[in-house]
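Here is the naming used below: chain letters follow the sequence lines, and residue numbers restart at 1 for every chain. This is a predicted model, so every value here is computed, not measured. Quick note: numbers below take in every heavy atom, side chains included, and nothing from hydrogens, waters or symmetry partners.
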Amino acid sequence: MSEERSLNFLEEIIEGDVREGKHDGRVLTRFPPEPNGFLHIGHAKSICLNFGIAQQYNGKTNLRFDDTNPVTEDTRYVDSIKEDIKWLGFDWDQELYSSDYFDQMYAFAMQLIQKGKAYVDDSTAEEIAASKGTPTEPGIPTPFRSRSVEENIRLFEEMKAGKYADGAKVLRAKIDLASPNMHMRDPLMYRIRHAHHHRTGDEWCIYPMYDFAHGQSDSIERITHSICTLEFIPHRPLYDWFIDELEIFPSKQYEFARLNMNYTVMSKRKLLQLVNERFVTGWDDPRMPTISGYRRRGYTPGSIRNFCERIGIAKRENIIEYSLLEFCIREDLNKSAWRRMAVLDPIKLVITNYPAGKEEVLVGENNPEVEGGEGARNIPFSREIWIEREDFMEEPPKKFFRLGVGLMVRLKHAYIVKCENFVKDENGRVTEVHCSYIPESRSGSDTSGINVKGTIHWVSVLHAKTAEIRLYDRLFQVEDPSSEDGDFKEYINPDSLTIIRNAFIEPDLATAIPGKGYQFIRKGYFTLDIDSNENSLVFNRTVTLKDAWAKESKKG
RNA sequence: UGCCCGAUAGUAUAAUGGUAGUACGACUGUUUUUGGUGCAGUUUGUCUAGGUUCGAAUCCUGGUCGGGCAACCA
């Protein structure tokens, strides 16, 4: 373990705290999602950070659902969040809910009222907003700011008891209406919401706001390092204020820059729109930047953890290039995916000198990246095979190492063939390619002495199975849809999904294993989709292979 | 025009007053029964103007640029 890895700024802080014996060297972080949507790759960054950094310093991490807004939250989301975290490979110490602390928070609020540090305000939302002033002008007190402690206690009790309608009253902290930090201008602590909560049911009709719930939950759990994203920086003085006034365990908040990635959007609000307005089939659509979307698409947990490791942690705003994520999944799948052959856009190749009716069984290793190949599978071969249409050209350009009249290629795991001729239909479309094969060139026992530049994949016509193949491309046409003019949805890529109904696959793929990655040789990495059943197979393309020829041929 | 945060190759991220490095991308070459992989190499950078110092990406001051903050959301 001589590997020298430089520390990010949070690791430096925590390492410093541990070294100085702060909290007796104890490290406890938390991952605090609101259960109002599915987790996305940005959450994965936070998960890897919170769980990873705790592991590094022999600490633990709580999973805490920040469920203080009953109208947006649902147990359905709770379940998906837990599944996603487990799938990523992390275990939480305790599964907790902010709503578990509603009694305690209520008591905290009462404490502040008794100290004269909180008051019930009957103003409307608009009145409160107006009275807060602007960043350059101080706010002015509402008439309710000077209520007595006794009256505040009575009113807050009545709020809890359900005596008032939604919006009739709020509880506010009494801090500083002239603060240059807008968050300190008497922020709301509680609002009235006669709504059913997914855990507490109808027990409560007042709910704490984020600012009054989060830090208090951290403190109750004795969280040592409460890590959140940059936009909460202005909240930190308030976070500290509540803890100071309540004289409770001093959790500390630290902030890092959230993940942004090009050609996608990363806000739950926008992702929810894509789902609700049917631009995608659901939260787990393989085009979505959600963890469940990547899982369905064929990404592995390791590739996502590795990605999160590589992007680093800092406070600078960033937009990560999608190509880095692609690199991470290719790196992983190259080592683990089993090789198979599938023809997506078929054209028939007839081997004119191969006896009709003859069949051979060829052998192909599963994984050339591993010694021994992780075993092998049988591949039937016969006189007629499917090849990729793009692997034949009537008038091949220079450096085209595939088929054209007079050109030779190797059929992967099989023989070298030479193109003799081709057949066109009345529309001029090529329908068949005719080749002769070289019997002594069989893979593994090639005595022909011929070297060819190209090797192509194929599937025996007689033995081919069919499958639906879904090809995914980036969801948006522009790098940063949110920063463009107009609605971000105007920039959705109309070709983000291409469905191939009847691709030909080699017979072994009929028993493809769900969750396993396969490399369709020369075409990319694929995985079985959950839409598959006994009668029909559906594969998702996880990512293409790098394609040097595509670049070369573009040059003209 | 208030307060806060930030600024290092195309994109990220190191260098903690002492040689500006790494990864991805791009581009070359090489290997290859995948135009994949592997291997070797090339390319491009400290926002700006001052100051402190023997020495500044790093510390200080001013500016510029980017982002956040005035939800009964989190």
Side-chain angles (χ1 to χ4, degrees), chain A residues 5-9 12 32-34 36 66-69 71-73 121 123-125 128-130 132-139 166-172 179-185 188-193 207 209-211 213-214 228-237 255 257 262 268-269 310-328 330-331 334-335 339 341 364 368-369 399-402 409-414 416 441 443-444 446 451-457 519-525 544-553:
Chain A
R5 200 182 131 265
S6 55
L7 302 178
N8 65 48
F9 78 100
E12 295 212 1
E34 182 187 12
N36 67 348
D66 219 343
D67 56 349
T68 57
N69 185 0
V71 302
T72 58
E73 297 156 5
D121 196 323
S123 309
T124 64
I128 289 177
K132 278 192 181 181
T134 69
T136 50
E137 297 166 90
D166 287 8
K169 286 180 167 48
V170 292
L171 183 71
R172 298 176 72 180
S179 172
N181 182 343
M182 297 300 289
H183 293 278
M184 299 299 274
R185 320 249 267 223
L188 271 61
M189 294 167 60
Y190 269 92
R191 77 286 215 189
I192 300 171
R193 275 263 209 287
Y207 292 91
M209 301 288 291
Y210 167 84
D211 284 307
H214 202 97
C228 61
T229 45
L230 252 31
E231 66 269 26
F232 291 99
I233 289 176
H235 296 247
R236 195 194 321 135
E255 311 87 8
N262 60 9
K268 269 192 208 170
R269 205 190 96 249
R310 283 169 179 270
I311 59 179
I313 300 294
K315 297 186 79 159
R316 171 162 47 139
E317 303 275 353
N318 60 79
I319 301 181
I320 305 290
E321 290 180 344
Y322 184 67
S323 59
L324 181 62
L325 219 206
E326 289 190 318
F327 168 81
C328 291
R330 286 191 185 115
E331 181 186 46
N334 178 51
K335 290 276 186 282
R339 271 57 171 176
M341 293 197 285
E369 294 296 312
K399 294 195 203 168
F400 185 74
F401 306 137
R402 308 183 190 179
V409 296
R410 172 174 292 281
L411 299 173
K412 181 75 179 173
H413 299 305
I416 292 174
S441 67
S443 280
D446 185 350
N451 278 317
V452 292
K453 277 279 211 178
T455 299
I456 64 172
H457 59 281
Q519 186 196 97
F520 291 180
I521 291 173
R522 300 208 302 141
K523 299 280 23 167
Y525 295 99
T544 61
L545 258 26
K546 284 213 283 188
D547 190 348
W549 169 246
K551 283 179 190 169
E552 178 68 29
S553 55

Please classify the nucleic acid contact of A/Ile319 as base, sugar-phosphate, or nothing, using heavy-atom distances under 4.0 Å. sugar-phosphate
State the pairing partner of B/G41; accept Watson-Crick or G-U wobble contacts with both distances under 3.5 Å, and report none otherwise. B/C27
Students often get this wrong, so: under 4.0 angstrom with heavy atoms, is A/Thr229 touching a base, only sugar-phosphate, or nothing? nothing
Position toward the 5' end of RNA chain B (nearest nucleotide), A/Phe400 or A/Arg193: A/Phe400
What's A/Pro32 touching, base or sugar-phosphate or nothing? Going by heavy atoms closer than 4.0 Å. nothing
Give the nucleotide from the list B/A70, B/U34, B/G35 with an atom nearest to the side chain of A/Arg339. B/U34
So A/Asp547, base contact, sugar-phosphate only, or nothing? Heavy-atom distance under 4.0 Å. sugar-phosphate
Watson-Crick or G-U wobble partner of B/G36, both distances under 3.5 Å: none
Base of B/G6 paired with side chain of A/Glu255 (donor-acceptor, under 3.5 Å): no
Using the side-chain heavy atoms of A/Trp549, tell me which of these nucleotides is nearest: B/G35, B/G36, B/C72. B/G35
To the nearest angstrom, how far is A/His235 atom NE2 from B/C5 atom C1'? 13 Å
Is it the case that B/U37 (base atoms only) and A/Arg330 (side chain only) share a donor and an acceptor within less than 3.5 Å, ignoring hydrogens and angles? no
Atom-pair distance (CG on A/Leu545; C1' on B/U34), nearest Å: 7 Å
Pairwise P distance, B/G21 and B/A26 [rounded to whole Å]: 23 Å
Whole-Å distance, A/Phe232 CZ to B/C4 C1', equals 15 Å
Quick one: on RNA chain B, does A/Lys315 or A/Leu411 contact a more 5' nucleotide (nearest heavy atom)? A/Lys315
If the threshold is 4.0 Å, N to carboxylate O, is there a salt bridge linking A/Arg172 and A/Asp121? yes
Base B/G10 to side chain A/Glu321, donor-acceptor N/O within 3.5 Å cut-off: yes
Of the non-hydrogen atoms in A/Tyr525 and A/Leu545, which two are nearest, and what is the gap between them? CE1-CD1, 3.4 Å
Applying the Watson-Crick and G-U wobble criteria at under 3.5 Å, what pairs with B/A56? Answer none if nothing qualifies. none
Taking N and O atoms by type only, does the side chain of A/Arg522 place a donor or acceptor under 3.5 Å from a partner on the base of B/U34? no
Donor-acceptor pair between A/Glu137 and A/Thr134 side chains, under 3.5 angstrom: yes
Please measure how far the P atom in B/A23 lies from the corresponding atom in B/C39, and state the result in whole Å. 11 Å
With rounding to whole Å, what would you report as the distance between B/U32 and B/G67 at their C1' atoms? 48 Å
What's the closest nucleotide to the side chain of A/Pro135 if the choices are B/U33, B/G2, B/U34? B/G2
Using a 4.0 Å heavy-atom cut-off, does A/Gln519 contact any base of the nucleic acid, only the sugar-phosphate backbone, or nothing at all? base
Nearest of B/U13, B/U37, B/C72 to any side-chain atom of A/Lys546? B/U37
Examine B/C72: is either OP1 or OP2 under 4.0 Å from a nitrogen or oxygen in the side chain of A/Lys169? Give yes or no. no
In short, A/Arg402 meets A/Trp549 closest at the heavy-atom pair NH2-CD1, 2.9 Å
Out of B/C72, B/C73, B/G35, which has the shortest distance to the side chain of A/Ile128? B/C72
Checking all strands, does A/Phe327 fall into the base, sugar-phosphate, or nothing category for heavy-atom contacts under 4.0 angstrom? sugar-phosphate
Between B/U48 and B/A57, how many Å separate the two P atoms, rounded to a whole number? 11 Å
Just to be sure I understand the rule, does A/Lys523 reach a base, reach only the sugar-phosphate, or reach nothing, if contact means heavy atoms closer than 4.0 Å? nothing
As its Watson-Crick or G-U partner within any shown strand, both distances under 3.5 Å, B/G2 has B/C69
Taking the minimum atom-to-atom distance to the side chain of A/Lys412, which one of B/A14, B/U34, B/G35 wins? B/U34
Ion pair present between A/Glu255 and A/Arg236, side-chain N to carboxylate O less than 4.0 angstrom? yes
Regarding A/Arg402, tell me which of base, sugar-phosphate or nothing describes its non-hydrogen contacts under 4.0 Å with the strands shown. base
Please determine, for the side chain of A/Ser6, which listed nucleotide (B/G35, B/A14, B/U34) has the closest atom? B/A14
Take atom CE of A/Met209 and atom C1' of B/C72, then tell me their distance rounded to the nearest Å. 6 Å
Pairing of A/Glu331 and A/Arg310 as salt bridge, 4.0 angstrom limit: yes
Begin with the C-alpha distance, continue with both residues' side-chain angles, and end with the deciding distance and a verdict on side-chain contact (heavy atoms from CB on, under 4.5 Å) for A/Thr68 and A/Met209. CA-CA 7 Å; A/Thr68 57; A/Met209 301 288 291; over 6 Å; no
Of the candidate nucleotides B/U33, B/A26, B/C72, which contains the atom at the shortest distance from the side chain of A/Ser443? B/U33
Distance between C1' atoms of B/U61 and B/U44 (Å, rounded): 32 Å
Identify which nucleotide among B/A23, B/U34, B/C24 has an atom closest to any side-chain atom of A/Ser323, counting heavy atoms from C-beta outward. B/C24
Could you state the atom-to-atom distance from CZ of A/Arg269 to C1' of B/C73 in whole Å? 11 Å
When the C1' atoms of B/G50 and B/A56 are compared, how many Å lie between them, rounded to an integer? 13 Å
May I have the distance from A/Glu552 (atom CD) to B/U28 (atom P), rounded to whole angstrom? 8 Å
Going by purine N1 to pyrimidine N3 plus the second Watson-Crick contact, or the G-U wobble pair, all under 3.5 Å, which nucleotide sits opposite B/A7? B/U64
Are A/Asp547 and A/Arg522 ion-paired here, with the side-chain N under 4.0 Å from a carboxylate O? no
Would you indicate what A/Gly364 reaches in the nucleic acid, counting non-hydrogen atoms under 4.0 angstrom: base, sugar-phosphate, or nothing? nothing
Under-3.5 Å donor-acceptor pair between A/Thr136 side chain and B/U1 base: no
Figure out the CZ/P separation between A/Arg185 and B/G2, and round it to whole Å. 14 Å
Could you tell me how far apart A/Arg191 (CZ) and B/A71 (P) are, to the nearest whole angstrom? 14 Å
Taking a pair as Watson-Crick or G-U wobble with both distances under 3.5 Å, which nucleotide is matched to B/A15? none
Mind checking A/Thr68 for me? I need base, sugar-phosphate or nothing, with any heavy atom below 4.0 Å counting as a touch. sugar-phosphate
Side chain of A/Lys132 only, heavy atoms from C-beta on: which candidate in B/G35, B/C69, B/A70 is closest? B/A70
Assign A/Glu317 to base, sugar-phosphate, or nothing according to its heavy-atom contacts below 4.0 angstrom with the strands shown. sugar-phosphate
Base, sugar-phosphate, or nothing for A/Tyr190, non-hydrogen atoms under 4.0 angstrom? nothing
Identify whether any heavy atom of A/Leu324 sits under 4.0 Å from a base atom; if not, whether one sits that close to sugar-phosphate; answer base, sugar-phosphate or nothing. sugar-phosphate
What closest approach, in Å, do A/Gly133 and A/Met182 show between heavy atoms, and which atom pair accounts for it? O-CE, 3.9 Å
Testing the basics here: between A/Asn181 and A/Pro237, what is the closest heavy-atom pair and its distance to 0.1 Å? ND2-CG, 3.6 Å
Students often get this wrong, so: under 4.0 angstrom with heavy atoms, is A/Ile311 touching a base, only sugar-phosphate, or nothing? sugar-phosphate
